[in-house]
Amino acid sequence: MDTTQELTEVQDLPYDVFAKACPSRGTLEHVTGRWGGLTLGALCEGSLRFNELRRRVDGVSEKMLSQTLHALERDGLVHREAQPTNPPRVDYELTPLGRGVAERLLSLIHFVEGRMDDVLQARQRYDETRGAR
């Protein structure tokens, strides 16, 4: 597919994330926010319980992870399954839509991780030219 065809297909979409009132903007925020992206990436590895997910996404608070999971579930990206056991067991996994989003996010994550030496060098050059400490 060439770039012109891709642009035409994008222009034909009924949603425009650049428009202030577009509902896709909220989903994009959920997906690209710090905790949303990391949560989706972690769940790409497979189904996880809440505390397993919290350990995998180092630094996220219980409250933020809970809010993130609720938002991703509402957007149809994450499926929550509560097992009727004692104590209750809740598992989280990606939906097919969530898997598609997570795979694209992981591609970006791996690209950034692979280019961090370049980023760190750019930061150092920037800081040196601006006298940052």
Side-chain angles (χ1 to χ4, degrees):
M1 183 181 310
D2 67 13
T3 305
T4 305
Q5 185 179 358
E6 288 175 3
L7 284 174
T8 301
E9 288 179 10
V10 168
Q11 291 169 349
D12 291 341
L13 293 176
Y15 299 102
D16 178 6
V17 75
F18 295 101
K20 182 169 65 172
C22 185
S24 65
R25 199 177 265 199
T27 300
L28 185 63
E29 288 176 23
H30 298 155
V31 167
T32 60
R34 177 188 346 183
W35 304 122
L38 294 174
T39 299
L40 289 169
L43 286 172
C44 206
E45 299 167 3
S47 175
L48 293 170
R49 295 173 73 178
F50 185 88
N51 283 326
E52 292 172 326
L53 193 50
R54 192 164 154 224
R55 284 190 296 274
R56 180 68 179 109
V57 182
D58 191 25
V60 67
S61 70
E62 189 172 316
K63 178 182 176 183
M64 284 308 306
L65 181 56
S66 180
Q67 289 176 355
T68 298
L69 287 166
H70 285 293
L72 296 173
E73 183 181 8
R74 183 169 184 253
D75 286 340
L77 304 176
V78 169
H79 174 72
R80 177 185 185 272
E81 178 142 358
Q83 306 290 333
T85 59
N86 191 10
R89 176 186 171 117
V90 180
D91 293 294
Y92 295 91
E93 64 184 344
L94 295 174
T95 63
L97 177 61
R99 180 155 298 284
V101 171
E103 287 169 354
R104 286 162 176 79
L105 266 175
L106 282 174
S107 178
L108 176 61
I109 288 168
H110 293 145
F111 178 81
V112 169
E113 288 174 336
R115 299 302 300 264
M116 275 313 297
D117 286 341
D118 296 330
V119 171
L120 294 173
Q121 289 172 7
R123 285 179 185 175
Q124 183 177 358
R125 283 191 306 273
Y126 179 93
D127 291 347
E128 287 171 356
T129 60
R130 285 163 181 75
R133 299 176 208 275

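Any value given below was found using the heavy atoms of this structure, including those in side chains, with hydrogens, waters and symmetry copies removed.
Applying the salt bridge (Lys or Arg N to Asp or Glu O under 4.0 Å) rule to pairs touching residues 34-52 yields E45-R56, sequence neighbours excluded. Under the side-chain hydrogen bond (donor to acceptor under 3.5 Å, both in side chains) criterion, the residue pairs touching residues 94-115 are R115-D118, with sequence neighbours excluded. Legend: salt bridge (Lys or Arg N to Asp or Glu O under 4.0 Å) pairs involving residues 62-73, not counting sequence neighbours, sorted by first then second residue: R54-E62. The salt bridge (Lys or Arg N to Asp or Glu O under 4.0 Å) analysis of residues 80-90, with sequence neighbours excluded, yields the pairs R89-D91.
Note that SG of C44 and CD of E93 are 12.0 Å apart. Values are rounded to the nearest 0.5 Å. In this structure, CD in Q121 is found 10.5 Å from CE in M116, a value given to the nearest 0.5 Å.
Grouped by direct or indirect side-chain proximity (heavy atoms under 4.5 Å, Ile/Leu/Val/Met/Phe/Trp/Tyr only), L106 sits with I109. Side-chain heavy-atom separations under 4.5 angstrom define the hydrophobic clusters, and the remaining members of the one that includes V17 are F18, L28. Think of L38 as one node in a network of Ile, Leu, Val, Met, Phe, Trp and Tyr side chains linked at under 4.5 Å; its network also takes in V31, W35, L40, L43, L48, F50, L53, V57, V60, M64, L65, L69, L72, L77, V78, V90, Y92, L94, L97, V101, L105.
The shortest side-chain heavy-atom distance between H70 and R74 does not fall under the 4.5 Å cut-off.
L120 and Y126 fall into different hydrophobic clusters, where Ile, Leu, Val, Met, Phe, Trp and Tyr residues are linked whenever their side-chain heavy atoms come under 4.5 Å apart, directly or through other members.
Take A21 and apply the side chain to side chain contact (heavy atoms under 4.5 Å, CB included) test, not counting sequence neighbours, and it matches no residue.
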